[in-house]
Amino acid sequence: MPNRRKNCWQDFKKDNRNMSNTCTLCQSELVSMDTLLGENRLSDGGKLCNKCLEKVSGINQELLYNLHEFSIDDIKSLVQNTVTEQEKPIEKSEELNISIFENAEPGSMPRELYKRRLKEIKYELIQVNANLSMFTKGEIKELPRILNTGERIIAATDAQLSGTLDAGILLVTHHRMVSVSKGVFSALKVNEYLNEVINEISIVKNPLSPVIKIHMKEGVVEFECFFDKDDAERFYSSIEKIYNTPKSEKQVTEVKEVSSEHIFEQLEKLGKLRENGILTEEEFAEQKKKLLGQLP
């Protein structure tokens, strides 16, 4: 009996050792490169090799930053949903004249063509000085399947469709504006605004999060640029002449004013940033002065 217990214990330790040295998803043995920058550990103790981590983070970029909050069951479910999810047809919004692509999936784009287009798009983003955050990696990876061959990017910035959780990229090409968002555990969403239906664009300047407005006959769509205020203003300046026709001095567009309620909300946020040590007294005073100067 003692020998039997000893053998069972040795078998258990062997299995446990093998499990700790293998990728929980593909079952391949982990190599030194997989643990060079720390183990890709899951919430249930499992580990991923770098190849599997790169593959699943392409589906959900949050895995790059919060892998320890996901279990292997979460990962498998995410992969399975991506494989089985079917592309829905393009819908036309009844309220606004825009095309909405829900659950846009990779499609059958040849791998080499995809890699070439992705390289071209990244180069174009550098050329237009797009200061995109690291949270837009997932959206950037989808651009080769969204933009047509030869469709060049004129400008791009981080943006979130107001009233929704659809945060991602707002970009401009020669014939349309496109917003791309891919949230955690949610489908890819692409909103298209053709140049011919855009009357003009405007910006509501704000020290924390400027708002880009797209004015169309059917209504106005707003995007909040929460990541980089200066980048949002540069984005607007680079496309203003495209969409806003020259006006005489009598027709100069009035400066958009922020409501008092909104300003007081921003002041409250500034106060919290100062309390948390994120803003110095000087920075707080400067931003407060700008906000108070916008009161109607």
Side-chain angles (χ1 to χ4, degrees), residues 61 90-91 93 95-104 117-118 120-148 151-184 186-244 256 258:
Q61 61 184 5
I90 299 174
E91 300 176 358
S93 170
E95 296 181 359
L96 299 176
N97 188 14
I98 59 177
S99 296
I100 304 174
F101 302 82
E102 293 282 359
N103 299 325
R117 280 294 290 139
L118 181 60
E120 292 172 352
I121 287 169
K122 287 183 176 180
Y123 178 75
E124 289 174 17
L125 290 172
I126 293 173
Q127 290 296 102
V128 299
N129 298 315
N131 185 32
L132 300 177
S133 70
M134 63 180 179
F135 301 109
T136 60
K137 289 183 179 179
E139 285 84 357
I140 292 174
K141 288 181 179 179
E142 297 294 338
L143 292 181
R145 305 179 182 109
I146 296 169
L147 301 180
N148 300 321
E151 185 175 12
R152 299 185 62 82
I153 297 173
I154 297 174
T157 189
D158 279 68
Q160 177 171 330
L161 183 61
S162 297
T164 74
L165 297 177
D166 300 340
I169 301 174
L170 178 63
L171 59 86
V172 177
T173 70
H174 288 287
H175 70 275
R176 60 175 173 165
M177 294 182 72
V178 182
S179 69
V180 184
S181 65
K182 186 173 178 58
V184 179
S186 63
L188 173 69
K189 294 183 180 179
V190 181
N191 295 330
E192 177 188 64
Y193 312 91
L194 298 176
N195 283 0
E196 53 262 33
V197 303
I198 299 176
N199 294 331
E200 65 173 346
I201 61 170
S202 62
I203 184 171
V204 178
K205 294 187 177 182
N206 185 285
L208 297 181
S209 53
V211 176
I212 302 290
K213 293 186 177 184
I214 304 175
H215 301 262
M216 297 174 284
K217 182 179 180 180
E218 295 84 355
V220 179
V221 179
E222 299 183 0
F223 287 90
E224 186 176 1
C225 304
F226 55 86
F227 176 69
D228 188 329
K229 175 185 75 70
D230 295 332
D231 187 62
E233 293 180 359
R234 283 194 298 269
F235 170 82
Y236 175 76
S237 298
S238 65
I239 63 173
E240 181 183 13
K241 292 181 180 180
I242 299 174
Y243 295 103
N244 296 347
K256 307 295 186 302
V258 184

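The shown structure was predicted, so the numbers you read here are calculated from the model rather than taken from an experiment.
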- What are the two closest heavy atoms between I239 and A155, and how far apart are they? CG2-CB, 3.8 Å
- Message: Could you measure the distance from the CD1 atom of I153 to the CG atom of L143? Nearest 0.5 Å is fine.
- Response: 5.5 Å
- Query: Got I154 and H174 here, is their nearest side-chain heavy-atom distance under 4.5 Å?
  - Reply: yes
- Query: From H215 NE2 over to I201 CD1, what is the distance, rounded to the nearest 0.5 angstrom?
  - Reply: 8.5 Å
- Task: Measure the shortest side-chain to side-chain distance between L170 and M177 over non-hydrogen atoms and say whether it is less than 4.5 angstrom.
- Result: yes
- Do you know which of D158, T157, I140 makes side-chain contact (heavy atoms from CB on, under 4.5 Å) with I169? I140
- Hey, is the main chain of L132 close enough, under 3.5 Å, to the side chain of D231 for a donor-acceptor pair? no
- When rounded to the nearest 0.5 Å, the distance separating OG of S179 from CZ of F223 is 4.0 Å
- Heavy-atom closest pair, residues K229 and N206: CD-O, 3.2 Å
- Item | Atom pair CD1/CD1 of I121 and I126 - distance to nearest 0.5 Å | 12.5 Å
- Is the backbone of E124 close enough, under 3.5 Å, to the side chain of E120 for a donor and an acceptor to pair up by distance? no
- Minimum heavy-atom distance A130-A156, with the two atoms named: CB-O, 3.8 Å
- Task: Just do the side-chain contact (heavy atoms from CB on, under 4.5 Å) check on L147 and L171 with the steps written out, would you?
- Result: CA-CA 11 Å; L147 301 180; L171 59 86; 4.1 Å; yes
- Note on the structure: Closest non-hydrogen atoms of T173 and Y243, given as atom of the first, atom of the second and distance, are O-OH, 4.4 Å
- Query: Which atom pair, heavy atoms only, marks the closest approach of A167 to Q160?
  - Reply: CB-OE1, 3.6 Å
- Measure the shortest side-chain to side-chain distance between D230 and N131 over non-hydrogen atoms and say whether it is less than 4.5 angstrom. no
- Starting at CG of D228, measure out to CD of E233 and round the result to the nearest 0.5 Å. 9.5 Å
- Message: Between V180 and T136, is the side-chain contact (heavy atoms from CB on, under 4.5 Å) condition met? List the steps.
- Response: CA-CA 9 Å; V180 184; T136 60; over 6 Å; no
- Can you tell me if S162 uses its side chain to pair, donor with acceptor, with the backbone of E222 under 3.5 Å? yes
- Task: For the residue pair L161 and K189, establish whether any side-chain heavy-atom pair is separated by less than 4.5 Å.
- Result: no
- Query: What is the distance from atom CZ of R117 to atom CG of N148, rounded to the nearest 0.5 Å?
  - Reply: 8.0 Å
- Does F235 reach the side chain of I203, with side-chain heavy atoms less than 4.5 Å apart? no
